[in-house]
Amino acid sequence: MSAIVKLVAQRLALGLLLLLAVSVLIFAGTQILPGDVAQSILGQSATPTALANLREELGLNDPAWLRYLRWLGGVLTGDLGTALSNGQDISEAIGRRLGNTLFLAFWAAAVAVPLAITLGLVAVRYRNRWPDRLISGLTLASISLPEFFIGYVLIFFFGVKLRWFPSVATVYDGMSLWEKLNAIALPVTVLTLVVLAHMMRMTRAAILNVMQSAYIETAELKGLGQFRVIFRHAFPNAIAPIVNVVMINLAYLVVGVVVVEVIFVYPGMGQYLVDHVAKRDVPVVQATGLIFAAVYIGLNLVADIVAIVSNPRLRHPK
Amino acid sequence: MRIPVSALIGLFFTGLFFLTAILAPWIAPYGMAEVVGNVWEPPSDRFWLGTDNIGRDLLTRMIWGGRTTIFIATLATVLSFALGAFLGFMAAVIGGWVDQALSRFVDLVMSIPPLIFALVVLSVMEVTTPVLILVMGLLDSTRVYRLSRAVAADINVMDFVEAARLRGEGRGWIIFHEILPNALSPLVAELGLRFIFAVLFLSTLSFLGLGVQPPASDWGGMVKENKEGIVFGIWAALVPAGAIAALAISVNLVADWVLNRTSDLKGGRGG
């Protein structure tokens with residue numbers, strides 16, 4: 001048991017180190033590149049005096065490492081700074097939007113994960129027959145389709161022509177859960193379709209892998225039914241890789257959310273990030289970029305740890 | 001050699017898209033930025049696909065937009081391959097701290113979602129075509145690096161490479177004469193997938209307003225321009241969105257076939 005604890009602790013420490021390195025990279029990406037924040041705020045026609053004043057005000061005259069440490073210190077104490085474009089407190093603005101984004105991502109995951117696993121099991125049961133082929137074909141199609149294609153096709157048919165769901169996903173505090181779910185029905189569908197295929201295919205592969213074991217053959221030769229063999233014998237051993245796939249796809253979901261939020265004008269983190277990239281509001285971009293990266297790294301880390309805990313073979317490196 | 005039907009369809013449409021992109025100046029019926037009709041006219045004899053959000057011919061915009069999309073995506077793919085394969089081969093052949101440093105840096109870059117990283121960088125840079133190609137190419141070269149390094153590391157331990165080394169050949173010679181020819185088929189198979197990624201990535205950036213800047217436009221930008229029409233039941237935005245999907249699916253069909261073929265070859269040789 002202590003071996004596991006040690007390995008998990010190692011992974012966590014590595015994850016934190018990675019996050020620190022990522023924060024350096026994100027900071028460097030916005031600071032060292034040939035582009036000046038003061039210049040981009042004021043535009044090309046700014047007078048030298050105005051530029052100098054703004055640089056002073058933003059602390060741009062300090063060396064980069066000092067500015068980085070100041071920023072990192074702020075992030076660690078929950079102070080993400082203020083937005084350049086409107087002087088708003090970033091932590092406060094993000095707090096509300098993060099909740100909205102997680103709400104959207106949660107429901108997408110709640111629909112996509114069970115559906116993908118069920119379909120993956122069906123594909124294994126009917127492997128190389130038409131349900132399996134259909135699923136493979138859909139996978140190929142869905143990795144080629146941009147989110148906005150799926151999004152606008154859904155809006156066009158279900159939002160505009162049939163009027164089943166609103167085409168703009170507005171949520172606010174006073175809404176009941178049911179109203180909120182109705183509002184996010186279309187974005188959730190898009191996100192589900194985007195991650196479904198990959199998850200389905202990997203689930204299928206994971207179970208097929210287990211299906212080649214000798215004990216499965218024994219179960220089959222005992223005369224057990226196909227579904228029973230898959231559910232009771234193969235599935236438990238395939239859980240670890242499946243959880244791994246689910247986590248990786250959830251990480252992707254967090255990124256896919258950026259585009260989907262813009263399509264449906266949803267008041268979340270993605271929309272906030274994109275808006276402020278256009279406004280060249282560097283503090284907001286840094287803060288949101290870091291949060292997106294942290295969630296992404298965190299989910300990948302969970303995938304890693306689940307793999308270690310559930311698969312004893314990974315606990316003893318060669 | 002029998003080419004499967006799906007690959008033939010893919011090849012045909014991929015060829016058609018590229019041909020249209022190359023011939024754009026000669027086959028586009030109107031000027032790219034020319035306002036020729038009313039806003040969002042339905043398809044007619046004069047405008048086969050109708051007009052766009054400010055009355056430009058949609059077909060003309062589609063042809064020029066495809067040219068922009070394919071041009072930028074192709075260059076970004078070429079850059080990512082040149083850089084990624086070169087560094088990947090170097091890391092595998094030289095090994096030691098060079099390999100460690102490059103690989104750990106690539107791990108770091110890949111731990112940030114590419115779209116987020118691109119948005120961070122584009123927030124401080126002037127968005128121009130060369131910048132877009134550079135950002136997309138650099139970000140995507142990490143994936144090519146990982147593949148090339150893995151493939152080259154396998155080849156690097158083979159007897160014929162050892163023989164070349166004992167003969168006294170330099171690292172450069174080994175990379176170009178021994179590793180590159182043998183690593184080519186898995187890399188070619190990857191090429192199609194990277195191109196699709198570049199197309200989708202560029203389209204997404206332009207859709208978000210951070211890619212190709214107006215009045216020039218690629219397909220992703222055209223979706224953005226026409227998206228307001230959707231709620232009035234005008235499908236102008238679906239045309240470029242569908243074209244992106246069609247291009248990606250066509251290239252995917254070809255890439256799938258190449259991938260199967262190269263893995264068959266490998267199996268045949270290795271026994």
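Naming: A, B, ... by sequence-line order, numbering from 1 per chain.
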Measuring from [X]:[atom1] to [Y]:[atom2], what's the distance to the nearest 0.5 Å?
X         : Y         : atom1 : atom2 : value
Ile263(A) : Lys224(B) : CD1   : NZ    : 12.0 Å
Ser123(B) : Gln286(A) : OG    : CD    : 7.5 Å
Ile112(B) : Leu25(A)  : CD1   : CG    : 4.5 Å

[X] versus chain A, the contacting section by heavy-atom distance below 4.5 Å:
X         : result
Val109(B) : both
Leu210(B) : side chain
Leu200(B) : side chain
Phe117(B) : side chain
Ile116(B) : side chain
Val120(B) : both

Atom CZ of residue position Arg201(A) - does it have more than 12 heavy atoms of other residues, nucleotides or ligands inside 6.0 Å?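 It does not: Arg201(A) CZ has 12 such atoms or fewer within range.
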So with a 6.0 Å cut-off around CZ of Phe158(A), is the heavy-atom count from everything else above 12?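 No - once you tally the heavy atoms of other residues, nucleotides and ligands closer than 6.0 Å, there are 12 at most.
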Please name the pair of heavy atoms, one in Phe149(A) and one in Leu238(B), separated by the smallest distance, quoted to 0.1 Å.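 Result for this residue pair: CE1-O, 4.2 Å.
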Closest heavy-atom pair and its distance - Val282(A), Val124(B):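 In this case the closest contact between Val282(A) and Val124(B) is CG2-CG1, 3.6 Å.
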Can you check whether anything in residues 242-255 of chain B gets within less than 4.5 Å of chain A, heavy-atom wise, and list it by number?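 Hits under 4.5 Å: Gly242(B), Ile244(B), Ala245(B), Ala248(B), Ile249(B), Asn252(B), Leu253(B).
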By number, which residues in residues 61-70 of chain B have some heavy atom less than 4.5 Å away from chain A?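 Answer by number: none.
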Less than 4.5 Å apart, side chain to side chain, heavy atoms only: is that true for [X] and [Y]?
X         : Y         : value
Leu115(B) : Val259(A) : yes
Leu119(B) : Val285(A) : no
Val22(A)  : Ser111(B) : yes

Return the option, out of Phe292(A), Tyr252(A), Phe148(A), with the maximum number of heavy-atom pairs under 4.5 Å with chain B.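 Counting heavy-atom pairs under 4.5 Å, the top option is Phe148(A).
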Give the member of Gly270(A), Pro146(A), Ala294(A) that has the highest number of heavy-atom pairs under 4.5 Å with chain B.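 The option with the most such pairs is Pro146(A).
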Pairs of donor and acceptor atoms involving the side chains of residues 5-21 of chain B, under 3.5 Å and at least two apart or interchain, shall be tabulated with distances.
unit_1	atom_1	unit_2	atom_2	d
Thr14(B)	OG1	Gly10(B)	O	2.6
Thr20(B)	OG1	Leu16(B)	O	2.6

Which bit of Leu273(A) comes within less than 4.5 Å of chain B, counting heavy atoms only: side chain, backbone, both or neither?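 The side chain, not the backbone.
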Given heavy-atom pairs under 4.5 angstrom as the criterion, report whether the side chain, backbone, both or neither of Tyr296(A) touches chain B.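 Just its side chain gets close to chain B.
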Going by side chain to side chain donor-acceptor pair (under 3.5 Å), name the residues that satisfy it together with Tyr145(B), two or more places apart in sequence or in a different chain.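 Applying side chain to side chain donor-acceptor pair (under 3.5 Å) to Tyr145(B) gives Ser103(B).
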